[in-house]
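Order of the sequence lines sets the chain letters (A, B, ...), proteins ahead of strands, with each chain counted from 1. Just the heavy atoms: all of them, side chains too, but no hydrogens, waters or symmetry mates, feed the values below. Everything numeric here is computed off the predicted structure, so don't read it as measured data.
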Amino acid sequence: MKLNCNQKQAVEFVTGPCLILAGAGSGKTRVIIEKISYLINQRGYLPQHIAAITFTNKAAREIKERVMQTTQQKKISRLIISTFHALGLEFIKQEYESLKIKPHFSLLNTYDQFFILKKITTKYFKNNNVLVKNLTSMISHWKNNLVNPIQAMQLSQSQRDKLFAHCYDLYNKHTQTFNILDFDDLILLPTLLLDKNKTIQKKWQDYIRYLLVDEYQDTNISQYKLIKLLVGTRAHFTVVGDDDQSIYSWRGAQPQNLVLLKNDFPSLKVIKLEENYRSSKRILKVANILISNNSHMFKKKLFSTLEYGEVLKVITAIDEDQESERVIQELITHRLIKKTSYSDYAILYRGNYQSKAFEKVLVKYKIPYKITNNISFFLRSEIRNLLAYIRILTNPDDDISFLRIINIPKRAIGLTTIKKLDMFSKNINKSLYHTSLDLKLYQHFNSKGMRSLQNFIYWLSNIVKLAKHKPILAIRTLIQEIQYEKWIVKTAINTNIATMQINNINILLNWIIDMLLGNKVDQAITLDQVVERITLHNVVENSKSTEEQDQVQLMTLHASKGLEFPHVFLVGMEEGLLPHQNSINNNNIDEERRLAYVGITRAKKTLIFSLCQQRRQYGQFIESEPSRFLLELPQDDLIWKALIH
DNA sequence: CTTACTACAGTTTTT
DNA sequence: CTGTAGTAAG
């Protein structure tokens with residue numbers, strides 16, 4: 001297929017700052033890919049001087065694969081296609097000396113971060129999870145806004161915020177002494193260093209000569225600053241974004257960055273991609289009318305050359321049981337008449353918990369389905385434990401991982417022993433691992449628990465030594481000697497769960513060993529790199545097999561961004577759900593409207609809404625009203641199906 | 001040190 | 001209503 005006029009213009013404008021406003025389904029990924037090959041083939045850029053930055057590993061992978069199809073493989077081997085965070089990590093690894101970081105730092109995931117904050121703030125918050133969560137997001141917010149602890153203290157008005165700023169300081173000191181970084185640091189540290197150090201800035205600007213950024217509307221302040229520092233005054237870059245699909249403001253995304261771009265780069269060329277290749281005219285009309293209720297920084301109106309399409313249906317139900325029943329009935333009938341596949345259908349909802357009612361009905365009718373929930377593979381307890389062991393092999397000083405596995409499986413090291421160890425480690429200022437190796441500890445304390453600890457650390461340190469030269473043998477020995485499978489069978493609620501957990505562990509182990517051996521990948525990598533990949537990427541990405549099965553797709557609206565389906569059910573169209581009650585309270589309806597817009601624009605051929613009159617919430621029924629978004633749509637294009645009692 | 005009970009909170013979540 | 005995390009008793 002040929003590029004349309006605007007797409008062609010977007011590809012070929014490479015001499016200055018460029019903003020591509022790409023509406024839903026307008027072929028933006030294709031433009032990015034074409035632009036990369038245009039830069040290489042027509043403009044003489046060397047691949048190693050081009051960087052394309054995305055938010056997700058999935059998007060990065062897609063671009064990589066598609067560039068590979070259009071360009072010769074050897075040409076693009078050094079092309080930089082990565083996420084913001086992976087690029088930041090690469091930067092930190094190269095510049096760790098200037099950042100005053102030891103080379104063997106470990107990366108924290110959100111769980112470990114929460115755990116650390118909980119631990120260091122117990123005396124203030126007494127394990128109040130809500131407060132710790134608030135603190136976690138506050139610190140993240142500060143970091144994303146390039147605010148250090150001192151500035152945070154100055155900015156804080158309330159007593160609570162001052163305490164939070166103090167905790168931020170404690171947390172920073174903690175991460176510095178233990179040589180750990182969190183996700184936000186991967187952006188923050190490179191940004192601060194590039195800003196301060198002109199030599200390094202020049203070096204990186206010479207390295208990355210053309211920058212492309214995908215999903216630009218999702219960038220936060222520090223990411224935008226990073227972009228500016230990387231492109232410098234040369235300003236050879238392209239950002240691609242759509243303000244109507246900005247649905248991550250609660251994570252710090254600033255759609256205003258689109259406007260800032262115009263101010264910071266007056267010569268900015270703005271190119272709009274408004275031709276939609278996905279949806280029927282009717283679906284686009286409805287989407288355009290809905291989103292016109294939001295204020296806009298750039299005017300944009302999607303159009304389609306496809307047929308007008310079927311009328312949109314609205315299914316009303318008494319409660320969520322009937323809602324799911326009627327939606328699935330509709331799906332079954334539609335599939336029989338149109339002879340479609342199950343995988344042509346998607347059920348989209350606001351909150352993960354809404355999937356339950358649908359799952360029940362799908363099971364009842366024996367319909368294959370796939371729920372994409374974001375409870376990552378890595379958050380499963382059996383995986384977290386195993387990972388903690390593997391992290392200890394690469395960085396024994398990782399106290400969080402050490403604490404997690406110290407008594408898993410049970411080896412008679414209890415709370416009292418751990419408390420003594422913790423105290424002692426603070427006195428001699430060493431990590432828990434190294435404190436446990438210190439014979440002085442056992443001269444001070446002599447208890448059953450301490451003797452268990454001494455045995456454990458003797459065993460563990462040998463595995464750690466082994467891992468330095470023979471990581472695969474070390475991992476195999478480890479799994480065998482802790483008898484992890486046995487422990488799982490013992491602790492699991494039932495045998496089904498145990499089998500699943502053992503299966504999960506084997507998936508992870510096989511993946512790690514494949515990586516270490518270099519199977520299935522171009523190059524074998526070290527155990528350090530394996531751990532890094534696991535924290536930053538998602539291993540599950542390897543298991544493609546499920547994607548190709550014929551299954552009805554269920555997911556949240558957030559998770560559906562970037563995808564498309566022939567037939568879409570947008571369920572739970574009620575006030576309080578979409579828009580969500582919290583967003584109504586915070587007067588953040590615009591983002592909820594964009595969420596609805598994202599949902600609508602996923603549909604290619606048919607779109608069906610559903611809602612309930614009453615919905616169970618925490619056990620009791622609450623009355624609900626149709627979402628205001630349904631009422632904003634042109635009613636000529638909707639059919640409200642009668643309620644069945 | 002382990003097990004069992006109670007209290008409580010409960011959107012979205014790219015890395 | 002559900003799942004989880006922290007505490008109190010075994």
A.B. asks: List the steps, then state whether salt bridge (Lys or Arg N to Asp or Glu O under 4.0 Å) holds for A:Arg616 with A:Asp319.
C.D. replies: CA-CA 8 Å; A:Arg616 260 192 296 267; A:Asp319 57 20; 5.3 Å; no
A.B. asks: Heavy atoms from C-beta onward define the side chain here; which of B:dT15, B:dT12, B:dG10 lies closest to that of A:Tyr618?
C.D. replies: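 Within the option list, the nearest is B:dG10.
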A.B. asks: Hey, which of these two, A:Asp184 or A:Glu591, hits DNA chain B nearer its 5' end, going by closest nucleotide?
C.D. replies: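 Mapping each residue to its closest nucleotide by heavy atoms, the 5'-most match is A:Glu591.
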A.B. asks: For the rings on A:His141 and A:Trp250, is their centre-to-centre separation under 6.0 Å?
C.D. replies: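 No, ring centres 6.0 Å or more apart.
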A.B. asks: Counting side-chain heavy atoms from CB outward, which of B:dT11, B:dT13, B:dT15 is closest to A:Asn352?
C.D. replies: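 It is B:dT13.
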A.B. asks: Taking any heavy-atom pair under 4.0 Å as a contact, classify A:Ser583: base, sugar-phosphate, or nothing.
C.D. replies: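 Here A:Ser583 touches the bases of the nucleic acid.
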A.B. asks: Which whole number of Å gives the distance between the P atom of C:dT2 and that of B:dT13?
C.D. replies: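 Between the two P atoms, the distance is 22 Å.
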A.B. asks: Got a salt bridge between A:Glu574 and A:Arg350, using NZ or NE/NH1/NH2 to carboxylate O under 4.0 Å?
C.D. replies: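 Looking at A:Glu574 and A:Arg350, the cut-off is not met.
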A.B. asks: With a 4.5 Å cut-off on side-chain heavy atoms, are A:Ile53 and A:Asp214 touching?
C.D. replies: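 No, every pair of side-chain atoms sits at 4.5 Å or beyond.
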A.B. asks: If you check the A:Asn582 side chain, which of B:dT12, B:dT14, B:dT11 turns out closest?
C.D. replies: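 Looking only at heavy atoms from C-beta outward on A:Asn582, the closest nucleotide is B:dT11.
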A.B. asks: Is the A:Phe55-A:His85 ring centre distance short of 6.0 angstrom?
C.D. replies: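 No, the ring of A:Phe55 stays outside the 6.0 Å limit from the ring of A:His85, centre to centre.
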A.B. asks: At what distance, to the nearest 0.5 angstrom, does CG of A:Asn293 lie from OH of A:Tyr597?
C.D. replies: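 Taking CG in A:Asn293 and OH in A:Tyr597, the distance rounds to 13.0 Å.
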A.B. asks: Starting from the 5' end of DNA chain B, give me the residue, A:Lys133 or A:Arg251, whose nearest nucleotide shows up first.
C.D. replies: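 By nearest-heavy-atom nucleotide position, the 5'-most residue is A:Lys133.
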A.B. asks: Check for me: is A:His558 stacked on B:dT12 by the 5.5 Å centroid and 30° plane-angle rule?
C.D. replies: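 Here the ring of A:His558 and the base of B:dT12 are not stacked, as the 5.5 Å and 30° limits are not both satisfied.
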A.B. asks: Summarise protein proximity over nucleotides 2-10 of chain C in one line of letters, 5' to 3': B for base, S for sugar-phosphate only, - for none, counting protein heavy atoms closer than 4.0 Å.
C.D. replies: ---SS----
A.B. asks: Does A:Asn57 make a side-chain N or O approach to OP1 or OP2 of B:dT15 shorter than 4.0 Å?
C.D. replies: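 Yes.
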